[in-house]
Amino acid sequence: MSTESLDGSLDEQIDQWRSYLHRRQAIHGGDVAELEDHLREQIAELVEAGLGPDEAFLVGVKRLGALDALSREFAHEHSERLWKQLIVSSDEAGGTEAGGVYGSRRMWVALGLAVAAAVAIKIPGLFGIAFDPDASLFYPINISFFTLPFIAAYFAWERPLPASSRGWVAAAFVLAAIGMNAYWAGTPATASADTLALSILHLPMVLWLAVGVAYVGGRWRGNERRMDFIRFTGEFFIYFVLIGLGGAVLIGLTFALFQAIGLDVERLVQNWIVPCGFAGATVVAAWLVEAKQSVIENMAPVLARVFIPLFALVLVAFVATMMVTGRGLDVEREILIAIDLLLVVVFGLLLYSISARDPLAPPGLFDWLQLTLVGAALLVDVLALWAIGGRISEMGWTPNRFAALGMNVVLLVNLAGSAFLYVRFLHGDGKFLRLWGWQMSYLYVLAGWAAVVAFFFPPLFGFQ
């Protein structure tokens, strides 16, 4: 019997157990996933032996001997739960850390996949395709397929990913690659089609969801698993930016050193260091998030607490200035793009901050700050929609305007729902978990809209 067929309450209990382990920072995310696999196997066996799902959960958690101490603390923290009474083992079996040999093994697998990504991105060069967007659009169109599949492969190995889920993830990458290249293969580098740029920008958003399926080990059900992936996404971005900054310094030093002896290494840097470094860094960043999770978990919430008040202050000042001066948004294309980028950044910051919050904690000052940010962003989004509507009525429809309008509507609905749920939570009429559920369900909306733009806009607008 598969544990996937058990009732929803069991999934909720497992989600709470995983959430607790993450908050305690006792073990890394990959180890939590492995322990969850063991727990589910134990539950399945116990249910087949005749126990009910709740009893099987209790016994299964108790059998994870290395976590007895943590389980007791979990039980004390959630004293209202019936099953706490069973987690009272007097054993003090020493827990074995998941580092050591296994940690080294994960490191070598990650490095091997990073090297594989670096090699893969150079294979087209054997057929005369240069890593130069001015000469060929091959790499802008296919860059996602030289990076994201290797991240997905790492998690498929680490979790591990069930065979059926591996097939779906692989199919997503294959079908996307076929679709993108069927649309744009042979397009000259001088092409200026709006739908081409939109496809290239939105494709990674769609494929990142496939990476998410691999990250959660194919078990996409349950808000806690998807929220883990949101945390990973924010932490991955931080590490990738840090690696990128380090790479920029390395490139600068490379130029300086070789220029000191009269050699020009521009072609070496452009054709080898940049593409190989970029591809390999994506896998290394993914591994670092898991390997150094306790470090990044301390850093990321601090960054959120620093930037959310600052963004809220900027947006509130912006709206207040517009009201005082009576000035409306400029309908110039560059201004609207900048506002849309700001809204996307605010949405990402909000989503990551929600993912880093303990859902069981009571409302606090920072929640009011986040509501302020949501409210200000909501007003700015309404103003941006008004400006985009005016631009469309004046100048007509284009792929870019349609995409901007759609993205603003998607963000407007999300921000409005978030504001409503935040108000209910702050006034004691709702649980923070409902806000979690809203954001996790909205991942499908975001991925769906990105897929529409990436794959339906080109034929809809005649590949213009």
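Everything numeric in this text was worked out from a predicted model, so none of it was measured.
Between Leu446 and Met205 there is no side-chain heavy-atom pair separated by less than 4.5 Å. A heavy-atom distance below 4.5 Å is found between the side chains of Ser418 and Trp438. Phe311 has its side chain within reach of Leu342: a pair of non-hydrogen atoms, C-beta onward, lies under 4.5 Å apart. The side-chain heavy atoms of Asp367 and Phe432, taken from C-beta on, include a pair separated by under 4.5 Å. Side-chain contact between Asp381 and Leu385 is present, with heavy atoms from C-beta onward closer than 4.5 Å. Within the 4.5 Å cutoff, the side chain of Ile141 has no heavy atoms near those of the Leu203 side chain. Residues Leu349 and Phe307 form a side-chain contact, since some pair of their non-hydrogen atoms from C-beta on lies under 4.5 Å apart. At least one side-chain heavy atom of Gln439 sits less than 4.5 Å from a side-chain heavy atom of Phe347.
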Under the criterion side chain to side chain contact (heavy atoms under 4.5 Å, CB included), I'd like the reasoning laid out for Ile243 against Leu288: C-alpha separation, chi angles, the key distance, then a yes or no.
CA-CA 10 Å; Ile243 293 173; Leu288 282 173; 4.0 Å; yes

Test side chain to side chain contact (heavy atoms under 4.5 Å, CB included) applied to Ile230 and Leu443, step by step:
CA-CA 10 Å; Ile230 295 299; Leu443 291 178; 3.7 Å; yes

Using side chain to side chain contact (heavy atoms under 4.5 Å, CB included), reason through Trp208 and Phe236 one step at a time and then give a plain yes or no.
CA-CA 12 Å; Trp208 194 244; Phe236 172 85; 4.0 Å; yes

Give the C-alpha distance, both sets of side-chain angles, the deciding distance and a yes or no for side chain to side chain contact (heavy atoms under 4.5 Å, CB included) between Thr195 and Trp184.
CA-CA 10 Å; Thr195 52; Trp184 304 111; 3.3 Å; yes

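Smallest separation of non-hydrogen atoms from Ser353 and Phe366: OG-CE2, 3.4 Å. Smallest separation of non-hydrogen atoms from Phe463 and Pro459: CE1-CA, 3.8 Å. In terms of heavy-atom proximity, Phe138 sits nearest to Pro124 at CE2-CG, 3.5 Å. Residues Phe146 and Ala120 come closest through the heavy atom pair CE2-O, 3.3 Å. Closest approach of Leu315 and Ala376 over heavy atoms only: CB-CB, 3.6 Å. Ala312 and Leu369 make their closest contact through CB-O, 4.3 Å (heavy atoms, listed as atom of the first residue, atom of the second, distance).
The main-chain N or O of Ile121 is found under 3.5 Å from a side-chain atom of Tyr139 such that the two form a donor-acceptor pair. With hydrogens and angles disregarded, a donor-acceptor distance shorter than 3.5 Å links the side chain of Tyr183 to the backbone of Phe455. Without hydrogens or angle criteria, Thr254 side chain to Leu250 main chain gives a donor-acceptor distance under 3.5 Å.
For the atom pair CG of Leu373 and CG of Leu313, the computed distance is 11.0 Å after rounding to the nearest 0.5 Å. Between the CG atom of Leu209 and the OH atom of Tyr215 there is a distance of 14.5 Å, given to the nearest 0.5 Å. Here Leu113 contributes atom CG and Ile151 contributes atom CD1; the two are 10.0 Å apart, rounded to the nearest 0.5 Å. One finds the OH atom of Tyr422 at 12.0 Å from the CG atom of Leu415 (value rounded to the nearest 0.5 Å). Separating the NE2 atom in His202 from the CZ atom in Phe456 is a distance of 14.0 Å, to the nearest 0.5 Å.
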Ignoring hydrogens and angles, write down the donor-acceptor pairs under 3.5 Å from the side chains of residues 265-276, residues two or more places apart or on other chains.
| unit_1 | atom_1 | unit_2 | atom_2 | d |
| --- | --- | --- | --- | --- |
| Asn271 | ND2 | Arg267 | O | 3.3 |

Under 3.5 Å, which donor-acceptor pairs link side chains of residues 166-182 to any protein atom two or more places apart or in another chain?
| unit_1 | atom_1 | unit_2 | atom_2 | d |
| --- | --- | --- | --- | --- |
| Arg166 | NE | Leu161 | O | 2.8 |
| Asn181 | OD1 | Asn142 | ND2 | 3.1 |
| Asn181 | ND2 | Asn142 | OD1 | 2.7 |
| Asn181 | ND2 | Ala177 | O | 2.8 |

Could you pull out every donor-acceptor pair under 3.5 Å between side chains of residues 401-413 and any protein atom, sequence neighbours left out?
| unit_1 | atom_1 | unit_2 | atom_2 | d |
| --- | --- | --- | --- | --- |
| Arg401 | NH1 | Met395 | O | 3.3 |
| Arg401 | NH1 | Gly396 | O | 2.7 |
| Asn408 | ND2 | Asp340 | OD1 | 2.8 |
| Asn408 | ND2 | Asp340 | OD2 | 3.3 |
| Asn408 | ND2 | Ala404 | O | 2.7 |

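With ring centers used as reference points, Phe155 lies under 6.0 Å from Phe232.
Ala130 meets the side-chain contact (heavy atoms from CB on, under 4.5 Å) test with Asp132; sequence neighbours excluded. Among residues two or more places apart in sequence or in another chain, the side-chain contact (heavy atoms from CB on, under 4.5 Å) test is passed with Thr147 by Phe278, Ala279, Thr282. Residues forming a side-chain contact (heavy atoms from CB on, under 4.5 Å) with Leu263 (at least two apart in sequence, or on another chain): Phe258, Ile261.
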